[in-house]
Engineer: 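Take a look at the following structure, please.
Read the numbers this way: they start at 1 and go in the same order the structure lists the ligands and their atoms.
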Amino acid sequence: MTTPTKTAGATGALGTSYRRVEGREKVTGAARYAADFPAADLAHGWLVLSTVARGRVRAVESGPVLQMPGVLAVLHHGNAPRVDADYVGLLGKPDPTVAVFQHDRVPFAGWPVALVVAETPEQAREAAEALVVRYDEEAPDVAFSAGRPGVYTPEGNPRMPAETTKGDLEASLAASAAVVDAEYTTPEEHHAMMEPHAALAHWDGGRLEILDSNQGSRWVAEELAKLFSLDVASVRVRSEHVGGAFGSKGIRPHQVCAVMAATVLQRPVRVALTRRQMFSLVGYRSPTAHRVRLGADRDGRLRVFDHQALNQTSTIHEFVEQSASVGRTMYDADAHHTVNRVVRLDVPTPTWVRGPGEAPGSFAVECALDELAEKCGVDPVALRARNEPQAGPVSGLPFSSRNVLACFEEGARRFGWADRDPRPGVRREGRWLLGTGTAAASFPSGVAPSTAAMTAEPDGTFTVRITAADVGTGARTALTLVAADALGVAPERIRMRIADSDFGQAMVAGGSMGTRSWAWAVRTAVRELRDRLDLGGDIPPQGITARADTTEAVAALSQKERHSFGAQFAEVAVDVTTGEVRVRRMLGIFAAGRIVNPLTARSQLVGGMIWGLSMALHEEAVRDRTSGAHVGPDLAGYHIAAHADVPVVEADWVDDPDEDDPIGLKGVGEIGIVGAAAAVANAVWHATGVRHRHLPIRPDRVLAAARNA
Ligand code: MOS
């Protein structure tokens with residue numbers, strides 16, 4: 001074999017568009033997703049969810065159902081194996097929703113009350129729908145709003161305090177020439193990824209094997225091991241292909257149900273969720289309410305920045321949407337206050353959804369900034385330039401890099417912002433009022449410890465093993481390019497094996513940290529391997545393997561404010577006689593570190609922006625206040641932007657290598673959605689002269705606003 005050259009980048013693999021290495025498998029249907037795997041003697045579990053939102057299960061009448069064709073078992077709180085949900089996992093204590101069938105209490109509508117297992121999915125479903133469950137029902141409280149009782153400030157932690165304060169808000173407000181004091185809300189939103197959750201579990205010679213669809217196979221393996229009091233070495237989780245995740249694909253009830261049933265029946269069991277079940281079982285973005293108070297000098301320089309955010313959580317687990325992160329990164333003022341508050345309701349526990357914190361938080365803050373720009377008569381881009389902080393507004397730490405103004409400059413130039421008439425409601429085209437809007441974007445750029453192994457094979461190829469997850473992002477391809485570049489060989493010589501918990505500990509695909517964290521480990525493994533290959537000699541049949549663990553290198557990083565940034569631009573057309581809003585074009589320019597694969601990175605950014613459009617105009621899960629359950633929990637009732645809603649969306653980037661990363665990476669997974677909804681909402685104001693502070697900007701809201709104008 002040829003030894004790799006010493007010159008990193010010799011192949012030019014990094015920074016060149018490269019098609020997904022598994023693309024052919026996916027488009028030909030050869031790629032298998034979690035619900036596709038065959039297994040001998042496979043049984044099928046179907047979940048039964050509570051129809052009441054609060055109360056107790058009085059009886060699960062499984063007798064008649066057990067007589068139905070093919071039915072093998074009905075698991076419920078009276079007979080299910082016990083689990084230990086009192087552990088602290090990678091991300092803290094688990095949401096007790098995963099500890100299925102442990103008690104008779106029902107904390108929200110759509111809570112798992114039974115699992116029917118049968119020979120075929122059809123038999124399981126038939127029996128699950130026939131199962132009678134009786135409840136003692138109590139009236140639920142699901143009414144989320146600012147100013148309602150029960151709101152509290154959570155404890156927070158040093159890395160994410162619930163509240164930060166400096167200066168005297170009231171005094172600085174009194175001294176401000178211009179003040180914005182407004183409330184903004186966003187509704188309950190769902191991940192709505194293409195592939196529903198599914199898991200196949202079976203015991204293989206004393207080892208638990210799970211074929212799953214997740215964001216971190218090692219993470220899920222460790223959580224399952226803790227839950228079932230097993231040694232992690234006796235649990236193997238794989239997740240070869242994932243059809244979208246967005247924060248919802250960690251440990252969820254379906255894997256736990258599959259393991260329980262496989263254990264009880266001693267045969268392979270698959271549990272696949274339906275789209276409707278996903279609305280209560282896999283997390284969602286909480287509705288949020290924000291009060292934003294800005295005070296500024298006549299020229300727009302901020303004296304006051306106050307962001308008070310509220311989200312709901314369940315009665316059984318605390319999840320805090322970190323909406324107030326935006327101001328802690330983006331804007332400084334003499335008087336600065338941020339807080340994330342919570343209220344516990346009879347609802348499922350919310351979770352991370354693409355751009356957690358920043359997505360809803362930026363809607364409130366970036367709309368308020370636009371209102372301030374209007375009040376001060378300052379251009380929105382100039383207003384942001386005037387308020388660029390020199391250091392972290394709360395931390396006081398320096399920024400690793402902060403290229404937000406470069407994004408605005410490039411974006412404004414390409415969007416034609418200079419020609420914009422600042423007056424609202426003046427551009428008309430037939431029945432349409434036209435407007436443009438902008439907003440800033442930021443998202444933390446983190447990195448977490450990961451391990452990787454790299455083997456030089458006798459045939460001249462290289463095999464990389466890492467518990468990475470490609471949830472549709474193109475991570476597998478990006479890592480292939482990283483490995484090829486570091487070795488100085490063609491990408492075709494790299495075999496990238498991912499998403500197998502047996503490969504060891506690695507960061508999950510989350511927090512926009514996956515590819516960066518894994519790339520660091522892959523790059524380190526290459527260095528180790530090079531040293532060993534430099535010793536010379538032949539490659540033995542089993543190859544030569546080097547291992548890497550980035551724990552120490554990552555811990556040695558200095559404390560800095562580390563973020564990706566961006567500038568969002570949107571143009572909309574509004575027909576105030578029908579309430580129709582059409583987005584005509586969007587442009588996002590980002591500073592998101594060095595870009596590994598422009599083809600898939602652009603797709604990530606554009607995907608985020610489209611979600612922002614969807615958030616601005618379409619998405620809203622509606623909960624019935626009497627029953628506590630969703631109205632229309634499916635993709636007919638829950639609208640997401642479809643092709644016809646999406647215009648030309650362009651994403652590009654400015655040069656922004658991270659100097660503290662061995663490859664210069666940040667992350668591209670989430671920054672695309674941040675600020676996108678605000679840019680659309682600000683454009684709707686510019687078109688119509690009416691501020692829409694509540695998402696989504698539905699036709700009825702546009703009509704009502706026009707009537708009242
Ligand atoms: Mo993402 S919402 O950090 O999976």
Engineer: State whether the side chain of Thr550 and the backbone N or O of Ala553 hold a donor-acceptor pair below 3.5 Å, judged by distance alone.
Structural biologist: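 It does not hold such a pair.
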Engineer: Could you list which atoms of ligand 1 come closer than 4.0 Å to a heavy atom of Trp352?
Structural biologist: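 Per the distance check, 2 (S).
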Engineer: State whether Glu240 and Arg476 are salt-bridged, where the test is any N-O pair (Lys NZ or Arg NE/NH1/NH2 against Asp/Glu carboxylate O) under 4.0 Å.
Structural biologist: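 Yes, charged N to carboxylate O under 4.0 Å.
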Engineer: Closer than 4.0 Å to some heavy atom of Arg354 - which atoms of ligand 1 meet that?
Structural biologist: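 Counting from 1, the qualifying ligand atoms are 2 (S).
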Engineer: Using a 3.5 Å cut-off on N or O atoms only, is Glu670 in polar contact with ligand 1?
Structural biologist: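 It does: an N or O of Glu670 is found under 3.5 Å from an N or O of ligand 1.
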Engineer: Salt bridge or not between Asp661 and Lys666? Use side-chain N to carboxylate O under 4.0 Å.
Structural biologist: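 Here Asp661 does not pair with Lys666 in a salt bridge, since their nearest N and O are not under 4.0 Å apart.
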Engineer: Backbone or side chain, does any N or O of Gly510 fall under 3.5 Å from an N or O of ligand 1?
Structural biologist: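 N/O-N/O distance below 3.5 Å does not exist for this pair.
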Engineer: For ligand 1, which atoms, with element, lie under 4.0 Å from some heavy atom of Phe246?
Structural biologist: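 Every atom of ligand 1 under 4.0 Å from some heavy atom of Phe246: 2 (S), 4 (O).
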Engineer: With heavy atoms of Val353 as the reference, note each atom of ligand 1 found under 4.0 Å away.
Structural biologist: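 Here the atoms of ligand 1 in question are 2 (S).
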Engineer: Side chains of Asn597 and Thr477 only: does a donor on one sit below 3.5 Å from an acceptor on the other?
Structural biologist: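 Absent: no donor and acceptor within the cut-off.
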Engineer: Indicate yes or no: does an N/O atom of Gly511 lie under 3.5 Å from an N/O atom of ligand 1?
Structural biologist: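 By distance alone, the answer is yes.
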Engineer: Aromatic contact between His630 and His190, with the criterion being ring centroids under 6.0 Å apart: yes or no?
Structural biologist: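 When the ring centroids of His630 and His190 are compared, they turn out to be within the sub-6.0 Å range.
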Engineer: Just checking, is any N or O donor in the side chain of Ser614 or Glu619 under 3.5 Å from an acceptor N or O on the other one?
Structural biologist: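 There is such a pair between these side chains.
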Engineer: Under 3.5 Å, N or O to N or O, is Gln215 touching ligand 1 that way?
Structural biologist: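 The answer is yes, given that Gln215 and ligand 1 share an N or O pair closer than 3.5 Å.
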